[in-house]
Amino acid sequence: MNNPITIRRSPIVLIRNFVTIEIIAFLLYFLATGHGDYKSVLYARLFFSGLLPYDITKLLFLSAAQLFITIYAFLSWYYESYNISQGAIAHSYGVFFKKKKTFSLDKSMTVMLSSGPLGKLFHYGSINLENQNHNSIVLATISHPQNYLKIIKKAINPNIQIQGFAEKPNIAQIINQDENEKLEFKSSLRFDHKIGSLNRDLEKAAMKSIAAFLNSKGGYLVIGVDDLRKPLGLRHDYQTLQRKDSDGFENHFTQVF
């Protein structure tokens, strides 16, 4: 890896912070306008109370507080990033006081991808890296985290050979072959053609095949083709997903993996 790669957190974090700000602003407004006139009495004792009426001062204070919190939330999101370089990941954050933590990468590390229902819907998730000493770093709430898995694996081990960096395989040639120790066909990922409905055990079978390839010399798992090499497609799998298209299928496959 010649040049460091910078990853920023998903804009969903910014939206979530803005929602939190609105809730805080509402609570501040409630506290400032609660029952009783003791607040206005206290305000009248202040030396600058004669400059502006209490109601106007209250409105200005709440507006300024909300504006400050909003700007702070934006800058907090803007200045936070993960910088991936060969053998290390640096986490930079902070608005007024900049901080930077560097996490060393080694070949013993495990890399895990996680995402909740909202993450699947809005294409964000987290990548967790942990070494044998249980030291870990989490790249939290980043957009399309699956796109960075290959980059992180290359940063961990520059000599690793990852499928996807070379040319895509010729699917027509692959389907014309018989199944072997490096090739397996699956009619579907999760739709059971025999019973005509969802069967999550099929997902486990597909993952076992991938695990076998990863623990050996690699191979191809072709989904949507039966044992007789007849193309069945993925439309039945699509119908079992919340997002019924190729992107939804790829996101779900990544989560299951």
Discussion item. Under a 3.5 Å cutoff, is there a donor and acceptor pairing between the side chains of Gln242 and His252?
Written reply: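 No donor-acceptor contact under 3.5 Å links the two side chains.
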Fill in: No-hydrogen, no-angle side-chain donor-acceptor test under 3.5 Å, Gln146 and Thr254
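Gln146 vs Thr254: no donor-acceptor pair found between side chains.
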For [X] versus [Y], what's the shortest heavy-atom pair and its separation?
| X | Y | answer |
| --- | --- | --- |
| Ala73 | Leu14 | O-CD1, 3.9 Å |
| Glu184 | Ser209 | OE1-OG, 3.0 Å |
| Leu221 | Ala206 | CD2-O, 3.8 Å |

Worksheet entry | Inter- and intrachain pairs under side-chain hydrogen bond (donor to acceptor under 3.5 Å, both in side chains), touching residues 229-240, at least two apart | Asp178-Arg229, Arg190-Thr240
Worksheet item: Is the side chain of Asn135 donor-acceptor paired with the backbone N or O of Asn131 at a distance under 3.5 Å, no angle test?
Response: no
Discussion item. Donor-acceptor pair, distance only, cut-off 3.5 Å: does the side chain of Glu179 make one with the backbone of Phe185?
Written reply: yes
Practice prompt. Identify the residue among Lys100, Lys101, Glu80 that makes a side-chain hydrogen bond (donor to acceptor under 3.5 Å, both in side chains) with His91.
Written response: Glu80
[X] with [Y], same ILVMFWY side-chain cluster at under 4.5 Å:
| X | Y | value |
| --- | --- | --- |
| Ile24 | Leu75 | yes |
| Leu234 | Leu198 | no |
| Leu241 | Phe191 | no |
| Leu228 | Ile174 | no |
| Ile7 | Leu129 | yes |

Measuring from atom [atom1] of [X] to atom [atom2] of [Y], what distance do you get when rounded to the nearest 0.5 angstrom?
| X | Y | atom1 | atom2 | value |
| --- | --- | --- | --- | --- |
| Tyr79 | Phe74 | OH | CZ | 9.0 Å |
| Lys182 | Gln177 | NZ | CD | 11.0 Å |
| Asn17 | Glu22 | CG | CD | 12.0 Å |
| Arg9 | Ser143 | CZ | OG | 10.5 Å |
| Tyr82 | Ile127 | OH | CD1 | 10.0 Å |
| Ser188 | Leu202 | OG | CG | 5.0 Å |

Residue pair [X] / [Y], side-chain heavy-atom distance below 4.5 Å:
| X | Y | result |
| --- | --- | --- |
| Phe103 | Met109 | yes |
| Asn83 | Ser92 | yes |
| Phe257 | Glu203 | no |
| Ile223 | Phe253 | yes |
| Leu139 | Ile152 | yes |

Indicate every side-chain donor-acceptor pair of residues 110-126 with a distance under 3.5 Å to a residue at least two apart or in another chain.
{"from": "Thr110", "atom 1": "OG1", "to": "Glu130", "atom 2": "O", "distance (Å)": "3.3"}
{"from": "Ser115", "atom 1": "OG", "to": "Lys120", "atom 2": "N", "distance (Å)": "3.4"}
{"from": "Ser115", "atom 1": "OG", "to": "Tyr124", "atom 2": "O", "distance (Å)": "2.8"}
{"from": "His123", "atom 1": "ND1", "to": "Asn251", "atom 2": "ND2", "distance (Å)": "3.0"}
{"from": "His123", "atom 1": "NE2", "to": "Arg243", "atom 2": "NH1", "distance (Å)": "2.5"}
{"from": "Ser126", "atom 1": "OG", "to": "Thr141", "atom 2": "N", "distance (Å)": "3.0"}

Worksheet item: Would Arg8 count as a cation-pi partner of Tyr78, with NZ or CZ less than 6.0 Å from the six-membered ring centre and within 45° of the ring normal?
Response: yes
